[in-house]
Amino acid sequence: MRMAPMSIESDTRDRVIRMEADLLNLRNDFDEANQKITAMHELLQQAKGVRWLIIIMATIGGFIASKVGSLLPWLVKP
């Protein structure tokens, strides 16, 4: 069974239809991402003090981890 060759017009129409579907999916993904970002922004605006506490805790944790990491070869000997 042989298919008839597609004309340029029908090929272009199919491409436009696929592009419209891709654009619709992209818009949906963008809307979902925008909703998530808005929710995270609202959460951070509600917890300004907690945000600074998290930043300070992460800084202290990173400092301690770097010191422990540099002392680890002397503490664990093969």
Side-chain angles (χ1 to χ4, degrees):
M1 182 182 227
R2 233 177 137 163
M3 295 180 59
M6 295 180 71
S7 68
I8 294 174
E9 293 83 17
S10 65
D11 186 43
T12 303
R13 190 183 91 235
D14 290 343
R15 287 181 181 185
V16 170
I17 290 170
R18 269 184 275 145
M19 188 169 45
E20 287 175 347
D22 290 343
L23 182 60
L24 181 61
N25 289 336
L26 185 62
R27 283 182 182 167
N28 290 338
D29 291 345
F30 181 76
D31 289 341
E32 288 176 17
N34 189 24
Q35 290 174 353
K36 290 177 183 178
I37 290 170
T38 302
M40 287 182 355
H41 181 262
E42 290 174 357
L43 183 65
L44 286 175
Q45 289 300 320
Q46 292 174 357
K48 287 184 181 182
V50 175
R51 177 176 48 185
W52 286 111
L53 179 65
I54 291 171
I55 291 171
I56 291 169
M57 287 172 46
T59 304
I60 293 171
F63 176 75
I64 292 171
S66 69
K67 295 302 175 187
V68 169
S70 65
L71 295 175
L72 200 57
W74 288 289
L75 295 175
V76 179
K77 295 189 180 200

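All values below were derived from every heavy atom in this structure, side-chain atoms included, with hydrogens, water molecules and symmetry-related copies excluded.
Using a cutoff of 4.0 Å between basic side-chain nitrogens and carboxylate oxygens, D11 and R15 are scored as salt-bridged.
In this structure, CD1 on I17 lies 11.0 Å from OG1 on T12, to the nearest 0.5 angstrom.
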Residues 24-44 side chain polar contacts: donor-acceptor under 3.5 Å, at least two apart:
| from | atom 1 | to | atom 2 | distance (Å) |
| --- | --- | --- | --- | --- |
| N25 | ND2 | A21 | O | 3.4 |
| N28 | ND2 | L24 | O | 3.4 |
| T38 | OG1 | N34 | O | 2.8 |
| H41 | NE2 | Q45 | NE2 | 3.4 |

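Grouping Ile, Leu, Val, Met, Phe, Trp and Tyr by side-chain contacts under 4.5 Å, direct or through others, puts M57 with L53.
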